[in-house]
Amino acid sequence: MKALLGIRWIKIPVFLLCLLPLVALVWRALSGGLGANPIEFITHKTGDCTLIFLLLTLAITPARRLLGLPQMIRFRRMLGLFAFFYGFLHFSTWIGLDKFFALAEMLHDVRKRPFITAGFTGFALMIPLAVTSTAEWIRRLGGKRWQTLHRLVYASAIAGVVHYYWLVKSDIRKPVFYGMMLALLLLYRIGAWLVRRPAPLRASASGTRQLTLAEEP
Ligand code: HEM
């Protein structure tokens, strides 16, 4: 497994796998398989993908530590960016197909409909994370500030789960399942924080803390 994760081009098949939900959606759209309410279908699929990729991103740190596979870190940024990508498609579906760019109506929904407020918050929190996901931004911000900023991913995932929980009318099984997965991932971090102090961060010549993409969150 270690050898497989270490292969230089392994990111390519992983990237293609992450694209599969979109390919399936486009395929369904072209073959008339989106059902009686295509907008609802697209909204639900892209919403699901956003949450799943957010959880997968958060699962990388515990998985690499528990499985002893530090190489898994190579996929975290890609998974996070796919969460943002599907979130963007989800949000765009709402803006363009659901609301037809009616700004007043959208603002009204964001203010007055709690599940939209939560979803909007979740997506808004992902924007600075996507923008600053590059090594260049880690350098620019400095490891400590970058790490603090990227803890927003926890708030984004919580907002996403709350959004889902608030929008379902009766069958709460799926949002509760996602909520439990998120709770486990957050509990792991709290546990890790309680049992040991963060690993000493390497001090650079200038005394600023250095952070590689291999560290938290
Ligand atoms: C972190 C960001 C977000 C996540 C994780 C997320 C996730 C989800 C999920 C999982 C669903 C339900 C999918 C299903 O039923 O299978 C959903 C539905 C929906 N989301 Fe989001 N969402 C996010 C942001 C947003 C934003 C920004 C908007 C619009 C402002 C939005 C609007 C909607 C709407 C309208 C629905 C369908 C509601 C219904 O069927 O009544 N979401 N979202």
Side-chain angles (χ1 to χ4, degrees), residues 18-29 33-61 75-133 149-186 189 217:
C18 295
L19 268 184
L20 270 186
L22 177 67
V23 174
L25 206 52
V26 172
W27 177 261
R28 273 177 176 271
L34 293 180
N37 190 339
I39 297 173
E40 191 178 287
F41 190 92
I42 297 171
T43 307
H44 286 195
K45 283 288 172 223
T46 50
D48 265 341
C49 286
T50 310
L51 203 43
I52 289 168
F53 277 99
L54 265 175
L55 295 176
L56 285 175
T57 309
L58 286 174
I60 290 286
T61 295
F75 308 102
R76 191 176 65 186
R77 177 166 168 255
M78 190 198 294
L79 292 173
L81 286 174
F82 265 105
F84 179 71
F85 172 65
Y86 284 109
F88 176 76
L89 292 180
H90 184 63
F91 188 40
S92 306
T93 307
W94 181 73
I95 293 179
L97 301 179
D98 199 356
K99 296 290 162 189
F100 296 110
F101 302 98
L103 189 64
E105 202 184 323
M106 288 191 276
L107 288 176
H108 176 270
D109 273 10
V110 170
R111 275 188 285 125
K112 298 285 179 198
R113 299 180 73 189
F115 90 88
I116 293 286
T117 315
F120 186 81
T121 306
F123 181 67
L125 291 173
M126 289 165 83
I127 298 172
L129 304 185
V131 171
T132 61
S133 66
L149 176 71
H150 277 251
R151 292 210 174 103
L152 284 180
V153 68
Y154 307 137
S156 174
I158 292 170
V161 168
V162 170
H163 163 70
Y164 194 4
Y165 185 78
W166 279 348
L167 74 86
V168 292
K169 273 117 200 151
S170 52
D171 189 354
I172 57 164
R173 277 176 301 177
K174 261 179 81 180
V176 166
F177 172 76
Y178 284 133
M180 278 162 52
M181 290 297 113
L182 178 61
L184 278 179
L185 294 169
L186 296 181
R189 282 163 170 88

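In listed order, ligands and their atoms are each counted from 1.
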As a test of reading the model: which N/O atoms of the protein lie under 3.5 Å from N/O atoms of ligand 1, and at what distance?
residue: ligand 1; atom: 15 (O); partner: His44; partner atom: ND1; Å: 3.3
residue: ligand 1; atom: 16 (O); partner: Asp48; partner atom: OD1; Å: 3.4
residue: ligand 1; atom: 16 (O); partner: Asp48; partner atom: OD2; Å: 3.0
residue: ligand 1; atom: 16 (O); partner: Tyr164; partner atom: OH; Å: 3.4
residue: ligand 1; atom: 20 (N); partner: His90; partner atom: NE2; Å: 2.7
residue: ligand 1; atom: 20 (N); partner: His163; partner atom: NE2; Å: 2.8
residue: ligand 1; atom: 22 (N); partner: His90; partner atom: NE2; Å: 2.9
residue: ligand 1; atom: 22 (N); partner: His163; partner atom: NE2; Å: 2.9
residue: ligand 1; atom: 40 (O); partner: His44; partner atom: NE2; Å: 2.6
residue: ligand 1; atom: 42 (N); partner: His90; partner atom: NE2; Å: 2.8
residue: ligand 1; atom: 42 (N); partner: His163; partner atom: NE2; Å: 2.9
residue: ligand 1; atom: 43 (N); partner: His90; partner atom: NE2; Å: 2.8
residue: ligand 1; atom: 43 (N); partner: His163; partner atom: NE2; Å: 2.8

Once you round to the nearest 0.5 Å, how far does CZ of Phe123 lie from NE2 of His90?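 One gets 10.0 Å once the value is rounded to the nearest 0.5 Å.
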
Working to the nearest 0.5 angstrom, can you tell me the gap between Thr43 OG1 and Leu89 CG?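 The OG1 atom of Thr43 sits 11.0 Å away from the CG atom of Leu89.
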
Specify the closest pair of heavy atoms between Cys18 and Tyr86, including all atoms of both residues, with the distance to one decimal.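 Heavy atoms of Cys18 and Tyr86 come nearest at O-OH, 2.7 Å.
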
Give a yes or no on whether the ring-centroid distance for Phe120 and Phe91 is below 6.0 angstrom.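 Phe120 vs Phe91: aromatic centres under 6.0 Å.
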
Under 3.5 Å, is there a donor-acceptor pair between the Thr121 and His163 side chains?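 On atom types as modelled, these side chains do not qualify, holding no pair under 3.5 Å.
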
Establish, for the pair Lys45 and Phe41, whether the NZ or CZ atom is under 6.0 angstrom from the six-membered ring centre and no further than 45 degrees off its axis.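 Yes.
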
